[in-house]
Amino acid sequence: MENVHGVRRRPEGHVTPLQPSQRMPLHSIGASVVRRLDFGGGASATPATPHRRPSPHSRVVQRANAGDRFIPNREPSVNLETRFSLTPSKHESEPDINNDNSRLYCQILRNELLSSSISSSPLVPSSTRSSPQASVYKFSGAATPKKSPQRRRNVVEASYAHTRSPLSKASQDLLLSPRKAHRHIPEVPYKVLDAPDLQDDFYLNLLDWSKNNILSVALGPSVYLWNGQSGQVSKLLELPRHRVDNLVTSVSFSEDGDTLAMGTSTGAVELWDVNTTKMLRRLSKHSTRVASLAWNKRVLASGSRDRTLLLHDIREPDRAIAQTYEGHTQEVCGLKWSPDGNYLASGGNDNKCFIWTPRASKPTFTYESHVAAVKALAWSPYQHGVIATGGGTADQTIRFWNALTGAELSSVKTGSQVCNILFSTTSNELVSSHGYSQNYIRVWTFPRMQELARLSGHTYRVLYMALSPDAQSIVTGAGDETLRFWKIFEPRKSIKAAPSVVNSWSPIR
């Protein structure tokens, strides 16, 4: 084919084959792979295509020392101002400073920008890299002697002298500092039980676990017992069906685990012997349903929708009511005694939490910072007088108070309705259950409130929660009519007594 000037032109799509001497060997093709940088956040390897022999009529200007060089092509949709801005965008969420990775990154930034010389951190996450001197392959045989701290330090300093890392020595020591491994918390329950007719009511308390490893759960008008050792289920009681709304609204075990207190929707409080499955006493003093119960040795506190709090002394049959508290303007849905039994905390649907003493007729302190119902209450077993309270859907906050002074210590926003709070008796941790809108179970460190785990499984609000007698597991109940058992806390550490200097059984002479 000829053009108008008489010069012969190759047809389109035709490529002149390479001569044997012009073909690129395989090893040369592999060696000409170049790194292609992507501003979108990745790097890819692109092989360099071999150059063809240019046509004599080509208008492309060839440079003398042209090499494989890639100029990035930025897409029009990429906003460079937001992509490479040094200041965070107003739409971006703030970094989680409680995260170990974020804390380590902040410490490295302080070293490099502010010369802070932070060389050790006790909370370096386990995901960071280990020391480069750690051997990957080890042969069985005689144990190699451990290096002394001074020798290990000399090895690290010698490796730093030949390193190519742009980080300072303090930052490298920070990355190589000893790591504190996080313990593993299973994300799935180890047991699931069906609980038909379990009410989906935020203000009720239908679950409790005794020290004798007996679990009680209220299902409609009945109360069932589950034996944690044998796994057997038995029915303790069933309310008469003279009324359709005659339901069990609260259950609570005594401290010895032999007596179960049960509140009903009609305002009655009944005491049942778990061993003989017989009713001991019946207390009919509330006018409406009893939503919360709490034991303090032989004194039982009950909170009702009639806005009153009653203290029942079960040791005196004639004097059933020892004290009456009035202060809430709506239903009392949460009750908890302090570990020493000197204070009683009550939470209500009026968004208030009161601290009572057994002899006073008025609350000692009133907490009004919550903007939703206060059902979740828990006293700290480690710090005397410290109590945690949780708010409902409009509040979504866990607050810590000093019941001795009335001061608020701290608070944390959870992002969902707080239904229950339990402190661990074996470690400085606590667990909270949530409703709208996440239905999570969250494990926290105390008092830093760093989240350790977030467990999901319930499809409805996790309204009920109880702690096992060994303080390692919890059971949760929700409106999805299931009971789920979770392994949360570490076992109790046995404290071994130090050997005595004086041996009482040794002979004097």
Side-chain angles (χ1 to χ4, degrees), residues 205 208 250-256 258-263 267-271 280-370 374-389 399-409 421 423:
N205 295 270
D208 199 12
S250 58
V251 293
S252 179
F253 275 108
S254 60
E255 294 182 1
D256 56 8
D258 296 331
T259 305
L260 178 69
M262 181 265 300
V269 177
E270 298 180 359
L271 304 181
L280 302 176
R281 295 179 59 181
R282 180 182 176 89
L283 308 172
S284 302
K285 294 300 179 180
H286 288 287
S287 59
T288 56
R289 72 177 187 180
V290 180
S292 55
L293 297 168
W295 286 88
N296 182 17
K297 297 180 180 178
R298 310 306 294 177
V299 176
L300 175 65
S302 60
S304 172
R305 185 181 275 181
D306 61 7
R307 307 184 298 275
T308 62
L309 239 84
L310 300 181
L311 299 186
H312 309 273
D313 192 348
I314 64 174
R315 296 169 296 183
E316 301 181 11
D318 299 334
R319 188 188 175 193
I321 300 179
Q323 188 75 27
T324 302
Y325 295 144
E326 295 181 356
H328 287 281
T329 58
Q330 293 191 35
E331 182 175 15
V332 181
C333 53
L335 284 177
K336 279 294 186 299
W337 286 96
S338 61
D340 56 5
N342 295 330
Y343 300 96
L344 174 64
S346 64
N349 195 26
D350 54 1
N351 311 340
K352 297 179 181 180
C353 175
F354 293 141
I355 303 297
W356 310 83
T357 54
R359 298 298 179 182
S361 59
K362 294 183 179 180
T364 305
F365 296 107
T366 302
Y367 304 137
E368 303 181 10
S369 299
H370 290 286
V374 181
K375 176 194 174 185
L377 301 171
W379 291 88
S380 171
Y382 332 111
Q383 300 181 9
H384 178 64
V386 175
I387 183 174
T389 61
R399 300 181 183 274
F400 297 92
W401 312 83
N402 189 338
L404 305 180
T405 62
E408 181 176 356
L409 303 177
I421 301 174
F423 275 96

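What's counted below: heavy atoms across the whole structure, side chains too, no hydrogens, waters or symmetry copies.
Scanning both residues, Phe423 and Ala388, for their nearest heavy atoms gives CE1-CB, 4.0 Å. Across Ala345 and Ile387, no two heavy atoms sit closer than the pair CB-CD1, 3.3 Å. Taking both residues in full, the closest heavy atoms of Leu293 and Ser252 are given as CB-CB, 3.8 Å, listed atom of the first, atom of the second, then distance. Closest of all the heavy-atom pairs between Leu344 and Ala301 is CD2-CB, 4.1 Å. Considering all non-hydrogen atoms of both residues, Tyr343 and Leu404 come closest at OH-CD2, 3.5 Å. Residues Val332 and Ser292 share a closest heavy-atom pair of O-OG, 3.4 Å.
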### Message
What verdict does the side chain to side chain contact (heavy atoms under 4.5 Å, CB included) test give for Ser369 and Trp401, after you've listed the backbone C-alpha separation in whole Å, the side-chain angles of each residue and the deciding distance to 0.1 Å?
### Response
CA-CA 11 Å; Ser369 299; Trp401 312 83; 3.3 Å; yes
### Message
Quick one, Lys375 with Asn205, criterion side chain to side chain contact (heavy atoms under 4.5 Å, CB included). Give me CA distance, side-chain angles, the key distance, then yes/no.
### Response
CA-CA 9 Å; Lys375 176 194 174 185; Asn205 295 270; 3.6 Å; yes
### Task
Start with the C-alpha gap between Trp295 and Ile314, add the side-chain angles, then the distance that decides, and say whether side chain to side chain contact (heavy atoms under 4.5 Å, CB included) holds.
CA-CA 11 Å; Trp295 286 88; Ile314 64 174; 3.6 Å; yes
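A distance of 7.5 Å separates CG in Leu309 from NE2 in His286, rounded to the nearest 0.5 Å. Here Asn296 contributes atom CG and Leu335 contributes atom CG; the two are 12.0 Å apart, rounded to the nearest 0.5 Å. Note: Lys336 NZ to Ile355 CD1 = 12.5 Å, rounded to the nearest 0.5 Å. Expressed to the nearest 0.5 Å, how far CZ of Arg298 lies from CG of Asp313 amounts to 9.5 Å. For the atom pair Ser302 OG and Leu311 CG, the distance stands at 8.0 Å (nearest 0.5 Å). Separating the CG atom in Leu409 from the CD atom in Gln383 is a distance of 7.5 Å, to the nearest 0.5 Å.
At least one donor-acceptor pair closer than 3.5 Å links the side chain of Ser254 to the backbone N or O of Thr259. Distance alone, capped at 3.5 Å, places no donor-acceptor pair between the Ser304 side chain and the Thr308 backbone.
Looking at Glu331, His328, Gln330 one by one, the single match for side-chain hydrogen bond (donor to acceptor under 3.5 Å, both in side chains) with Asn349 turns out to be Gln330.
Other residues, nucleotides and ligands place more than 12 heavy atoms under 6.0 Å from the CD atom of Glu255.
Between Phe354 and Trp356, the two ring planes are perpendicular [angle over 60°; tilted spans 30° to 60°].
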